[in-house]
Structures are given as structure tokens and as C-alpha cells.
> 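Got a structure here, written out as C-alpha cells. Questions coming.
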Amino acid sequence: MSTNIYRNGCHLLNHDDVIGTRRVSYILYMPNPDEPWEVEYGGALELYPVVEKGAPAVCPTVSIPPKWNQIAFFTVQPGHSFHSVQEVVVDNPRLSIQGWFHIPQEGELGYDAEKQAGEAPSSLQQLQVNLNSTSIIIYP
Ligand SMILES: O=C(O)CCC(=O)C(=O)O
Ligand SMILES: [Fe+2]
């Protein structure tokens with residue numbers, strides 16, 4: 001879980017959230033409740049349909065502006081759950097708490113070692129594998 005602040009100029013490019021054992025994404029929006037967020041401020045969560053597996057459409061079909069005390073959930077699906085955050089174009093900060101529900105981890109009820117083994121590696125694990133590959137050139 002993390003707290004996030006998107007200031008004027010901040011945005012998040014299209015991605016699917018798939019890392020390790022994530023299953024459901026959630027975002028709780030907390031812009032200033034006394035100054036309702038306007039669509040023109042940008043900062044909407046945008047959802048993309050999939051043209052074919054792994055390829056999102058160019059344009060989103062759903063756009064959800066942040067609203068005080070509103071929470072968004074979506075399932076994390078490899079090559080499907082594409083979303084982005086529009087650039088914020090106002091000086092009001094776009095505040096949120098964001099995180100993921102995971103499948104049971106080692107030591108938790110319902111943990112399944114085989115399921116864990118089949119999971120997509122985290123980005124850190126992917127980077128570590130690639131660092132050992134001869135096709136990567138590390139510049140000083
Ligand atoms: O803040 C949002 O609406 C989405 C954030 C997001 O996609 C992420 O942090 O991975
Ligand atoms: Fe995301």
C-alpha cells in the first residue's frame with residue numbers, strides 16, 4: 001500500500017499492474033473534499049480495452065475523475081488490465097491511497113507453493129535476471 005500525490009504535470013503511463021502475486025488493485029481517492037475535483041483538472045483514471053491479448057487500444061473507453069472518498073477496484077490480469085492516470089493540469093494535489101490484494105503468501109491460510117511458482121516475476125526479479133544476461137550492457 002502506498003500514499004500518492006500527483007501534482008501539476010504528474011501522470012502515469014499505461015500499464016497492467018501485473019507483478020508477482022497481485023490479484024486486485026484498489027485506489028482510494030482523497031482530493032480536497034471542500035473543493036470538488038473538476039474533469040478539466042485531468043488526473044482521471046483511464047481504462048483501456050484490449051485489441052488482442054497484451055495490446056491495449058490507443059484510447060481509453062472509461063475515464064474516472066478522482067472524487068473524495070471514492071474507491072476504485074479492478075482485477076489484475078496479465079495483458080488485460082491496462083490503465084493510466086491522465087496528466088494533472090491544476091495546482092490542486094491529487095491525493096490517493098493505492099495498493100493490491102495478493103493471493104495468500106507463505107505462512108498465510110490458503111498458501112499454495114505451486115501457485116506461487118507459476119506467478120509472473122516481479123519487476124525487481126526481472127531486472128535481476130536480465131542483469132546476469134550477456135545481452136545487457138551496463139554503462140558506468
Ligand atoms: O491513481 C490511480 O488512479 C491509479 C494508480 C495506478 O495505476 C498505480 O499506482 O499503479
Ligand atoms: Fe496501476
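The first residue of the sequence shown is numbered 1, and numbering continues consecutively from there. Atoms within a ligand are numbered from 1 in the order they appear, just like the ligands themselves.
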> Does the side chain of Ser25 come under 3.5 Å of the side chain of Asp17 through a donor N or O and an acceptor N or O?
yes

> Does CZ in Arg7 sit with more than 12 non-hydrogen atoms of other residues, nucleotides or ligands closer than 6.0 Å?
no

> Regarding Trp37 and Asn92, do their side chains bring together a donor and an acceptor under 3.5 Å, going by distance alone?
no

> What N/O/S atom of His83 is the closest to the Fe ion (ligand 2)?
NE2

> Would you kindly say whether Tyr48 and Ser84 are connected by a side-chain donor-acceptor distance under 3.5 Å?
yes

> Between Phe74 and His83, is the gap from one ring center to the other below 6.0 Å?
yes

> Establish, from distance only, whether the side-chain atoms of Gln105 and Thr21 form a donor-acceptor pair under 3.5 Å.
yes

> Hey, can you tell me if Phe73 and Phe101 have their rings parallel, tilted or perpendicular (30° and 60° cut-offs)?
parallel

> Show the protein residues that qualify under the rule heavy atom under 4.0 Å from an atom of ligand 1, listing them in chain and number order.
Tyr6, Leu12, His15, Asp17, Ile27, Tyr29, Leu45, His83, Val85, Arg94, Gln98, Trp100

> Which single N/O/S atom of Asp17 lies at minimum distance from the Fe ion (ligand 2)?
OD1

